[in-house]
Amino acid sequence: MTAAQNTVIDAGRVAEHNAQQQAALAADYEALGGMLARRGVDIEKLTALAGTFAVAVPSWGVGTGGTRFARFPGRGEPRNVFEKMEDCAVIHQLTRATPAVSLHFPWDRTDDPQALRELAEGYGLGFDAVNSNTFQDQQGQGHSYKYGSLTATAGAVRAQAVAHNIDCIELGKALGSKALTVWVGDGANFPGQHNLRGALERYLDSMRDIYGALPADWLMFIEHKLFEPAFYATTIADWGTSFACATELGPKAKCLVDLGHHAPNTNIEMIVARLAQFGKLGGFHFNDSKYGDDDLDSGSINPFQLFLVFNELADAAQRAKGGDSDFAPAYMLDQSHNVTDPIESLMTSAVEVQRAFVQAALVDRNALRAHQEANDVLQAAQTLKAAYRTDVSAILAMARVRNGGAADPVGCYRAAGYRDGVAERRPAKAGVSGSGIV
Ligand code: RM4
Ligand code: MN
Ligand code: MN
């Protein structure tokens, strides 16, 4: 990433917005600082920590999403990957928390990766993991994925899916990405459709070929999902299968946890703890969920769960500091914005994930450990709650302002009129969905 920054929103506007917010923010920050000091916490340390937080934006999230029933396009949707980068630049400019973009191929395929890389660098953006797509057929491809891709019974289908993944690695290399995320929808809709073990054996064979094409400094993230589109048995349905495959493949293979890919009420924070314990936690797709893979905005349904996930991450990071292991899971958002302005949802979501990160840092770990040792169940639970109940909004806003972002990203974005501007500059093109999802 370069230091050079082309801003999309006029920097003067952001400064003006911050000047209007300054008095209120200063008062809130001082009050919070006083309250934290009485708890023995230095607000400046937390603000500095908040400023280090980063979560990648999904390129497919800046277009309006939809469901199996309909999609209601928004105004000024990006029509290609270059326009998507412009929207991602706005998100980072105002939040200062999203310095990387995760691309999805072939949705974001470009014949000029160098130009894309330069555009991104001009905005101060880099590229996180690239995603392959073998869950839908692409124009002109020789074989269909109707009956699976990496697990298909037909060798030619598997070879095509493997070749696509290797292609993604090549494109990612040109862009400066360092990881490939593989999610496959492969599975069965009927009992008997698949030999359950045979399908996983074929998956592993295919993944070994992809793994072999990874550069030395790359990681491969295996993303599990309970169901959909396979409604009876999904090949990589759970973290156990993901963990077994990542172990089988080797050290560059790790597990990716998409929060929405579990049954309701699953204890996701425990999955996070397990994967961290065994060195296989590769990264996250943050979102929120009520029923299934809902792809709702992070923290919009169950913010306490998000906090508990970050509580495990803070614990794992502290343990890693003591040892020599490097613990750096990739943080990415994976959401679909069907009824909101995607830029507003992504800014709000990045801030919600950052909020959980800061709240987790507020947990008094020594007190928690002492309560756990003493089996003081009530106080152990209250120690977590004390951190979770603390409103750290002023810390987040101060970190943003100090990093050149906006005190109130959505307020600033609306005042700047960005959506009206792109609505004019980007007339809708027939057949183009900014999200890649139809
Ligand atoms: C899947 C999964 C993948 C995402 C696609 C669009 O459910 O979450 O990460 O790339 O959706
Ligand atoms: Mn995902
Ligand atoms: Mn998903």
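Nothing fancy with the numbering, it's 1 onward along the sequence. As a basis for the values below, the full set of heavy atoms in this structure was taken, side chains included, without hydrogen atoms, waters or symmetry mates. Note that ligands are numbered from 1 as they come in the structure, with each ligand's atoms numbered from 1 the same way.
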- Hey, which N, O or S atom on Asp258 ends up closest to the Mn ion (ligand 2)? OD2

- Message: Heavy-atom pairs closer than 4.0 Å: do any link ligand 1 to the side chain of Thr181, the backbone, both, or neither?
- Response: neither

- Pair Asp87 + Lys84: basic N to acidic O under 4.0 Å: no

- What atom name does the N, O or S atom of Glu223 nearest to the Mn ion (ligand 2) carry? OE2

- Message: Only N/O/S atoms count here: what is the atom of Asp334 closest to the Mn ion (ligand 2) called?
- Response: OD2

- Message: Measuring from non-hydrogen atoms of His261 to any atom of ligand 1, is the shortest distance under 4.0 Å?
- Response: yes

- Return the orientation label for the Tyr388 and Phe307 ring planes: parallel under 30°, perpendicular over 60°, tilted otherwise. tilted

- Nearest to the Mn ion (ligand 3), which N, O or S atom of Asp293 do we find? OD2

- For ligand 1, the portion of Lys225 having any non-hydrogen atom under 4.0 Å away: side chain

- Has Asp295 got an N, O or S atom lying less than 2.8 Å from the Mn ion (ligand 3)? no

- Message: Pairing donors with acceptors under 3.5 angstrom, does anything connect the side chains of Ser289 and Asn287?
- Response: no

- Indicate, as side chain, backbone, both or neither, the part of Asn133 found under 4.0 angstrom from ligand 1 when only non-hydrogen atoms are considered. neither

- Check: Phe135 ring centre within less than 6.0 Å of Tyr145 ring centre: no

- Going by atom types only, do Asp288 and Asn302 share a side-chain donor-acceptor pair under 3.5 Å? no

- Message: Suppose I only count heavy atoms of Asp258 and a 4.0 Å limit; which atoms of ligand 1 are within that range?
- Response: 8 (O)

- Out of Glu223, His104, His285, whose heavy atom is nearest to atom 2 (C) of ligand 1? Glu223

- Message: Quick check on the 6.0 Å ring-centre criterion: do Tyr203 and His224 meet it?
- Response: no

- Query: With a cut-off of 2.8 Å, does any N, O or S atom of His285 fall short of it relative to the Mn ion (ligand 2)?
  - Reply: yes

- Item | Lys385 to Phe304 six-membered ring, cation-pi geometry met (6.0 Å, 45°) | yes

- Query: With a 4.0 Å cut-off, would you call Asp167 and Arg109 a salt bridge?
  - Reply: yes

- Could you tell me whether some N/O pair between Asn131 and ligand 1 is separated by less than 3.5 angstrom? no

- Message: Donor-acceptor check, side chain of Gln372 to backbone of Ala380, threshold 3.5 angstrom: yes or no?
- Response: no

